[in-house]
Number of protein chains: 2
Amino acid sequence: MNLMEAASGYLQIGELSRRSGVSTELLRAWERRYGLLRPARSEGGFRLYSPQDERRVTVMRNHLERGLSAAQAARLTLEEAERRPDEAPALARGIESLRDALDALDETAAHTALDRLLSDFSVETVLGEVVLPYLHELGERWARGEASVADEHFASNLLRGRLLGLARGWDGGSGPRALLACAPGEQHDLALIVFGLVLRELGWRITFLGPDTPLDTLDDATRTLEPAAVVIAASSPERIAGDEVSLRKLARNAPLWIAGAGASSVVGKKTGARQLDGDPLGAAALVARAQRE
Amino acid sequence: MNLMEAASGYLQIGELSRRSGVSTELLRAWERRYGLLRPARSEGGFRLYSPQDERRVTVMRNHLERGLSAAQAARLTLEEAERRPDEAPALARGIESLRDALDALDETAAHTALDRLLSDFSVETVLGEVVLPYLHELGERWARGEASVADEHFASNLLRGRLLGLARGWDGGSGPRALLACAPGEQHDLALIVFGLVLRELGWRITFLGPDTPLDTLDDATRTLEPAAVVIAASSPERIAGDEVSLRKLARNAPLWIAGAGASSVVGKKTGARQLDGDPLGAAALVARAQRE
DNA sequence: AAATGTCTGTTCAACTTCTGTACAATGAAC
DNA sequence: GTTCATTGTACAGAAGTTGAACAGACATTT
């Protein structure tokens, strides 16, 4: 790295190319064709890329990897860069007021914050950018002993109410049906509700049996409804670990998925169940893709 | 995948084909034959599919799998897409479907839209972000001659019914009492009902005397109920302009507020009445604050 | 001065998509 | 049985898109 780069944090095209894995020719082409980058220039005319430019290249590559055409990827990258100063703070503010309200056990303020968010952003955005991050954070604070049981209950109940409100009518329509339930003893249903909402957006009909569902109840429902997917949420292995036989029976009647930290112990050939990890958004996409095949 | 990004990411036909499992030829055929998709075009003429298009393909496939013919499936898909225009923030979507329903004099659809809104949002949000803006817009269209008397009556009556439904039990509880009435000759009570609902949310008990209330009736009620506030709605000055004496008498027995465009001519020291201007939400907050002092 | 890196502008080849037409399989209508 | 519309698929030739390459001039470093 030369002096200019070291001092200012600016990169020449070669170094940016090495870091990003995009050839120098292509970096110039993206600049010329889509205006993706606006590097400053040295006295001699060399391009000097800022850290923001570097991030744009990363974002551009991510979009390309998802299958967008170069032109679309560039447009989207620029749009996001444009929008970031506007939308991101609004979302951040929303998250903050929601957290403050929930921490203060202030129901009215929490609803107001959610009203605000849902009026400004789509349901998917609110779920993915606010609700899930908040639940994650709450879980971590609870694990560290920073959040009380009361906090956790209050927030869960309030959010559950709102999410179930959004879920109204989610079993209507004509798409494939998914049967959702929490494993026996499992009380945490929020992430599963979010998962159902996202799957609903993908055109599915959702039947939700709620927390603490006995496996034979689930089996009955499976025979009746003949769903295209059955999803069981289990936050720890012991919820279902002893019940491989029931699971195997379930998996014979419908594609069976186990979600949550308790999944890994029972998935596989023994039970015929498949694992759903990661966030509810990605999980929903995965289930939908599997159904199409 | 970040759903917010996906919201504006346009796909070319090849990528949509890979994701949906429908061949490119067939995608084009569905567009040509049934108008199933309406992709935008790039400068060079390439089809650019929106996430809504992607969802339509999913729905179309669902219908086909259930044995419908392609033509029927497409027709159904288009109908459903018409009914469920997603992606927009929930509140904006709600406003639009309410307006569409009221403009079409479609009572069922209007109630459905309101149900949806009230299940997704708090009463105050629905009032402030939907009902009041709609009434305002309707008033303007009426002034420009774009809305007929029938439109205005239909919308008013339907909304009045819903609002009074929300108002059920609003005189119960233990908070301060407000006495609400429209001035003599005044028929427009909707904004006053909204005002009452918001005040109710703030913990007040509401007594509502309705449109066209004689001032001496109001005076009787004031002596009986001893309210913490009396609010008179008057959309034009002549409703009350000649009655300063009655107003003065009223104001001696309870804090008196005059709301609406007719207020300014009579407020002040002469009558002891105070003005309430602006929107009902702000007005309610103002009355509540005044009472606390 | 030599070596290396970067500049602009142009060209190219691989790939994708476009439009339009054609065709085979299916099943309903006559 | 024949006719006909429906529907998924196939192909040809033109055009759009995009990553890569090259040439000749200039910049920077050693």
Between Arg47(B) and dT19(C), is there a contact of a side-chain N or O with OP1 or OP2 at under 4.0 Å? yes
Test item: Arg274(A) side-chain N/O and Trp257(A) main-chain N/O as donor-acceptor pair under 3.5 Å: no
With a 4.0 Å limit, can you tell me whether Ser42(A) has a side-chain N or O closer than that to the phosphate oxygens OP1/OP2 of dA27(D)? no
Whole angstrom is fine here: how far is it from CD in Glu31(A) over to C1' in dG9(C)? 14 Å
Does Thr24(A) reach a base, just sugar-phosphate, or nothing at all? Heavy atoms under 4.0 Å. nothing
Could you state the atom-to-atom distance from CZ of Arg18(A) to P of dT4(C) in whole Å? 14 Å
Between dT16(C) (C1') and Arg41(B) (CZ): distance, integer Å: 14 Å
Atom-to-atom span, CD of Gln12(B) to P of dT17(D) - whole angstrom: 8 Å
Rounding to 0.5 Å, atoms CZ (Arg56(B)) and OG1 (Thr77(B)) come to a distance of 9.0 Å
The helix from dA1(C)-dT30(D) to dC30(C)-dG1(D): angle between terminal helix axes, five bp per end, to the nearest 10 degrees, reads 20°
Atom-to-atom span, OH of Tyr49(B) to P of dT17(C) - whole angstrom: 10 Å
Annotated protein contacts, base or backbone, on nucleotides 4-14 of chain D with a non-hydrogen cut-off under 4.0 Å, one of B, S, - each: ---BBSB----
More than 12 heavy atoms of other residues, nucleotides or ligands under 6.0 Å from CZ of Arg38(A): yes or no? no
When rounded to whole Å, the CG to P distance for the pair Leu48(B) and dG16(D) reads 15 Å
Note: Arg93(B)-Asp120(B) ion pair, threshold 4.0 Å (strictly below): no
Do Thr58(A) and Asn62(A) have side chains that approach each other closer than 4.5 Å (heavy atoms only, starting at C-beta)? yes
What is the separation between atom CD on Glu15(A) and atom P on dT28(D), rounded to the nearest whole Å? 18 Å
Run through Val130(B), Leu158(B), Leu102(B) and flag the one making a side chain to side chain contact (heavy atoms under 4.5 Å, CB included) with Leu114(B). Leu158(B)
Got a second to check how far Leu11(B)'s CG is from Ile13(B)'s CD1, nearest 0.5 Å? 11.0 Å
My understanding is that only residues two or more places apart in sequence, or in another chain, count here; which of them pass side-chain hydrogen bond (donor to acceptor under 3.5 Å, both in side chains) with Arg75(B)? Glu79(B)
Any sub-3.5 Å donor-acceptor pair from Ser17(B)'s side-chain atoms to Val22(B)'s backbone N or O? yes
Please state how far atom CZ in Phe46(A) lies from atom P in dT4(C), giving the value in whole angstrom units. 15 Å
